[in-house]
Amino acid sequence: MTDAERRARHQRLWEADHRHLWHPFTQMQGWLEEEPLIVDRAEGVHLVDTLGNRYLDGVSSLWCNVHGHRVPELDAAVRAQLDRVAHSTLLGLASTASIECAEELIKHVPPNLTRVFFSDAGATAVEIAIKMAFQHFQLRGDERRREFVALSGGYHGDTIGSVSVGGIGLFHRIFEPLLFDVHHAPQPYCYRCPLQKTFPACATACAGEVERIFEQRPGRIAALVVEPLVQGADGMITQPPGYLRTLRQICDRHGALLVCDEVATGFGRTGTMFAVEQEGVLPDLMTVAKGISGGYLPLAATLATEEIFRSFLGPYESKRTFFHGHTYAGNPLACAAATASMQLMTSRRVIEGLPAKVAALTKALAPLADHPHVGEIRQRGLMVGIELVKDRATRAEYDYALRAGHQVCQAARPLGALLRPLGNVVVLMPPLAMTEAELTRLAGMARAGIEQVTARI
Ligand code: PMP
């Protein structure tokens, strides 16, 4: 393709995008005023746009890519599955690909989780966990246990149930009249502690607030829903050590289920296969999506214990069935990609290789620690949030309208990185496959973007 042909094609796609598409989490008025970056293909951990520019995929194509793009083993697995069947249903039928995927998944998850309920997005996996927890207690005759506890700043997806357990005002407040009531406890956001305390002197008082809710509603709480170790979408809010373990103990003391949403943290992002491992926590229900398929195809799963599964057993006429299911649940192409991705994690010893990568990223970000407009750098494994502040001493935030995080990400583009911020937090969440050199380059581009933008705003 000549340069002129490439330009013409880009122009045509740009016009069509602006004519027909409505982009998620995007203010379309601004979008329609700007030239879009159109991803056309990929090479390893790079995305290539319609004009031929290459960028490091700095947020793993929204936190899901694991081994990079166009991985020969994953491509081959999907192609082989295409030669068998692209889709068949799990409603009343089994399929080879979904069985093999469930078998592989069970090898990696905490040992108390034995049952896999497939769906197709993080939000649906959470929706399913909520309904399973609710129905579990109804079926056991514990009908009063129908309430949920979650954390402020939590994010679990955009369907009405998952928004109900979410706690991000900006996204969720407008839908409040549509949501069911959930008890929200203050989040463990140490940099801006909702209780105005300081760790460790606080003795994790925020976990005490969670327990207070349980004490006020004895016998009423069905489940606590949390993102383990890192509240991703609220700005990579990392939890203090011991916090998740304390939540597990609270649930145990009060007879409630612990639902851990590993949609973002799962499949190696925090340095271990699952975040719960780092706190020695066994959840009763666990949700996974994003990285499960290596970032190839939409697949999600809600994992349950045998005890929860058994609550739903009974003769046909007992109507104890879990009446829930999505058309593309356990789609064979997605399952084939997922099985191959998980197998690749084992054969390439991906988890074992993470400490050196995590250390390289930490080191590359260290020069930012003293920057006058960097309030805090939060990192767990390969999940990073760099919180920008107007004033480091007072921790004053940049004005929302300034779009500081967005400007930094825009500035990183011509340098060769694709990033997406969360408000004033610059996020790095690279594919686990990035080399130490690539991670260092990525951090350097983010740093340069931060320096450029904060100098002028
Ligand atoms: N849970 C968590 C913790 C997430 O980070 C996300 C997505 N960012 C979701 C659920 C929702 O996943 P999906 O976008 O696949 O519905």
Side-chain angles (χ1 to χ4, degrees), residues 1-28 30-76 78-79 82 290-291 293-298 337 341 357 360-361 364 382 384 403 405-421 426-453:
M1 217 188 294
T2 64
D3 269 357
E5 284 165 347
R6 198 180 282 147
R7 237 306 131 198
R9 179 168 168 263
H10 172 76
Q11 208 82 28
R12 191 184 62 72
L13 290 165
W14 168 1
E15 280 162 25
D17 178 280
H18 279 194
R19 202 171 334 117
H20 297 303
L21 270 91
W22 187 344
H23 290 263
F25 277 98
T26 303
Q27 175 43 259
M28 291 303 290
W31 175 268
L32 294 175
E33 289 162 3
E34 286 172 12
E35 177 175 358
L37 189 157
I38 305 173
V39 172
D40 195 37
R41 58 200 168 84
E43 291 162 8
V45 294
H46 291 87
L47 294 168
V48 184
D49 70 14
T50 36
L51 300 173
N53 302 307
R54 278 161 58 91
Y55 309 89
L56 281 170
D57 186 357
V59 290
S60 301
S61 294
L62 215 74
W63 313 0
C64 62
N65 189 278
V66 177
H67 309 286
H69 301 272
R70 293 172 59 199
V71 183
E73 291 90 338
L74 300 193
D75 292 1
V78 175
R79 286 200 184 101
L82 264 178
K290 293 192 185 279
S293 67
Y296 262 53
L297 286 157
S341 175
K357 296 185 182 201
L361 189 54
L382 292 180
V384 176
R403 304 182 77 190
H406 172 77
Q407 289 205 53
V408 168
C409 297
Q410 292 295 107
R413 281 189 183 180
L415 306 175
L418 282 184
L419 298 173
R420 179 166 172 86
V426 176
V427 172
L428 302 183
M429 191 142 157
L432 308 189
M434 263 196 199
T435 62
E436 289 169 45
E438 286 162 340
L439 290 167
T440 304
R441 274 210 299 132
L442 177 69
M445 292 172 196
R447 218 176 103 192
I450 289 170
E451 278 161 5
Q452 269 180 41
V453 171

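The basis for the numbers below is simple: all heavy atoms, side chains too, and nothing from hydrogens, waters or symmetry mates. Numbers for residues simply follow the sequence, beginning at 1.
Annotation: side chain of H69 is not in contact with side chain of P431 (no heavy-atom distance under 4.5 Å). Taking 4.5 Å as the limit, some side-chain heavy atom of Q410 sits within range of a side-chain heavy atom of R413. Within the 4.5 Å cutoff, the side chain of L439 has heavy atoms near those of the P430 side chain. In this structure, the side chains of V39 and Y55 stay at 4.5 Å or more apart for every pair of heavy atoms. Considering only heavy atoms from C-beta on, L418 comes within 4.5 Å of L37 through its side chain.
The main-chain N or O of L21 is never found under 3.5 Å from a side-chain atom of D17 such that the two would form a donor-acceptor pair. The closest donor-acceptor contact from the side chain of K357 to the backbone of L382 lies at 3.5 Å or more, if one exists at all. Under the 3.5 Å distance criterion, the side-chain polar atoms of T26 are matched with a main-chain donor or acceptor of P24.
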Could you go through the side chain to side chain donor-acceptor pair (under 3.5 Å) check for D57 and S61 one step at a time? CA-CA 6 Å; D57 186 357; S61 294; 2.8 Å; yes
Any chance you could lay out the side chain to side chain donor-acceptor pair (under 3.5 Å) test for H10 and D40, step after step, and finish with the verdict? CA-CA 10 Å; H10 172 76; D40 195 37; over 6 Å; no
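Between R7 and E35 there is a salt bridge, with a side-chain nitrogen of the basic residue lying less than 4.0 Å from a carboxylate oxygen of the acidic one.
Between S293 and S341 the shortest heavy-atom distance is C-CB, 4.0 Å.
Within a 6.0 Å radius of CZ in R79, no more than 12 heavy atoms belonging to other residues, nucleotides or ligands are found.
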